[in-house]
Asks: 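I have a structure I would like to understand better, so I am pasting it below and will then ask my questions one at a time.
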Amino acid sequence: EDKVVQSPLSLVVHEGDTVTLNCSYEVTNFRSLLWYKQEKKAPTFLFMLTSSGIEKKSGRLSSILDKKELSSILNITATQTGDSAIYLCAAIFDRGSTLGRLYFGRGTQLTVWP
Amino acid sequence: NAGVMQNPRHLVRRRGQEARLRCSPMKGHSHVYWYRQLPEEGLKFMVYLQKENIIDESGMPKERFSAEFPKEGPSILRIQQVVRGDSAAYFCASSPIPTGGYGYTFGSGTRLTVV
């Protein structure tokens, strides 16, 4: 079964809109949650979240982890066409030799129209 | 400092042929991870290697797939007797220490098409 679930699977917005992407994860042995942006090439790292309630920001992007709800959100404000990409959520679980392995959700395909 | 280098970028194989995918980690990175991304799906872990050792291969299909990371040279993911279902993007990531995620750098991937 999927350990990480993202929603929505796709999203189409206009430039200037604000979007919120969701990610939920399985609780057993959860350690950290990560967000990546994937254009037509390598996934690039955005954020790593380990502690609940602490927002991480980078420009127009921000993310926060809610351990009570077993979820995280990624916010993008004032979207631009360059934000069009697949946004991947991944989790790390503490399980001995699997430390280092990422469990990915299916991603959210974001399309920003001019 | 070059990033994680994967080659080839695109690979076309006929059913039954062998596919060899190469990954050169970033300088100083001794931990290599392979992931596969099937159409409409997220990345799925395949194997985690250190130099000359396979640490975790629990994500690898039991047949036809193998991986190595020799003392010298790139890591190789080998798929024997390819089938159409092997068509996917294969990504390699490397890190300097086995913490995962934060220290990862992904390569640009190899897109394998089986015809």
Side-chain angles (χ1 to χ4, degrees), chain A residues 1-10 21-26 29-51 56 58 63 65 72 85-110, chain B residues 2-10 21 23-26 29-50 53-60 67 69 88-111:
Chain A
E1 75 283 4
D2 290 343
K3 291 180 180 290
V4 178
V5 178
Q6 291 186 247
S7 65
L9 291 181
S10 68
L21 311 182
N22 301 287
C23 178
S24 61
Y25 60 88
E26 185 179 291
N29 297 314
F30 172 78
R31 178 172 177 165
S32 301
L33 189 136
L34 299 98
W35 286 96
Y36 286 84
K37 178 182 181 181
Q38 185 181 21
E39 298 169 271
K40 291 188 181 296
K41 47 186 179 178
T44 53
F45 173 81
L46 294 175
F47 299 111
M48 180 174 182
L49 305 155
T50 303
S51 301
K56 295 213 173 178
S58 176
S63 184
L65 180 67
S72 173
I86 297 173
Y87 289 84
L88 297 168
C89 173
I92 298 174
F93 298 91
D94 272 327
R95 288 179 62 192
S97 66
T98 69
L99 185 65
R101 179 198 297 197
L102 296 178
Y103 291 84
F104 282 90
R106 293 191 177 198
T108 293
Q109 172 74 64
L110 175 65
Chain B
V4 177
M5 304 300 293
Q6 288 189 250
N7 66 81
R9 292 293 300 277
H10 300 275
L21 289 61
C23 169
S24 296
M26 285 187 70
H29 287 197
S30 59
H31 302 267
V32 167
Y33 307 80
W34 285 92
Y35 288 81
R36 175 167 66 172
Q37 188 172 35
L38 293 165
E40 309 300 323
E41 292 191 19
L43 284 83
K44 302 286 188 189
F45 168 82
M46 298 184 76
V47 63
Y48 163 31
L49 310 107
Q50 293 180 34
N53 286 305
I54 297 174
I55 306 301
D56 179 1
E57 59 181 343
S58 58
M60 290 270 273
F69 188 15
Y90 292 82
F91 289 91
C92 165
S94 73
S95 68
I97 50 176
T99 55
Y102 192 64
Y104 271 27
T105 302
F106 278 89
S108 294
T110 293
R111 277 157 179 77

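Worth saying up front: this structure is predicted, and the values here are computed from it rather than measured. In what follows, chains are A, B, ... by sequence order, proteins preceding strands, each numbered from 1.
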Asks: How close do A:P43 and B:G107 get, heavy atom to heavy atom, and via which atoms?
Replies: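 Of all heavy-atom pairs spanning A:P43 and B:G107, the closest is CD-O, 4.4 Å.
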Asks: Take B:Y35 and A:L102 through the test side chain to side chain contact (heavy atoms under 4.5 Å, CB included) and record every step on the way to the result.
Replies: CA-CA 9 Å; B:Y35 288 81; A:L102 296 178; 3.4 Å; yes
Asks: At a 4.5 Å cut-off on heavy atoms, which part of A:Q6 comes close to chain B: side chain, backbone, both, or neither?
Replies: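 Contact with chain B: none, neither part.
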Asks: What's the spacing between B:Y33 OH and A:R101 CZ if we round to 0.5 Å?
Replies: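 Atom-to-atom, B:Y33:OH and A:R101:CZ are 11.0 Å apart.
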Asks: If I take atom CZ from residue A:F104 and atom CD from residue B:E41, how far apart are they, to the nearest 0.5 angstrom?
Replies: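 Answer rounded to 0.5 Å: 13.5 Å.
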Asks: Determine the option with the most heavy-atom pairs under 4.5 angstrom with chain A, choosing from B:R111, B:H31, B:Q37.
Replies: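 Sorted descending by pairs with chain A, the first entry is B:Q37.
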Asks: Side chain to side chain contact (heavy atoms under 4.5 Å, CB included), that's the test. Do A:K41 and B:F91 meet it? Break it down for me.
Replies: CA-CA 9 Å; A:K41 47 186 179 178; B:F91 289 91; over 6 Å; no
Asks: Decide side chain to side chain contact (heavy atoms under 4.5 Å, CB included) for B:L43 and A:L88; before the verdict, give the C-alpha distance in whole Å, the side-chain angles of both, and the deciding distance to 0.1 Å.
Replies: CA-CA 9 Å; B:L43 284 83; A:L88 297 168; 3.5 Å; yes
Asks: How about CE on B:M60, more than 12 heavy atoms from neighbouring residues, nucleotides or ligands closer than 6.0 Å, or not?
Replies: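 Above 12, so yes.
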Asks: Going through the distances and angles, do B:Y104 and A:Y36 end up as a side chain to side chain contact (heavy atoms under 4.5 Å, CB included)?
Replies: CA-CA 11 Å; B:Y104 271 27; A:Y36 286 84; 3.8 Å; yes
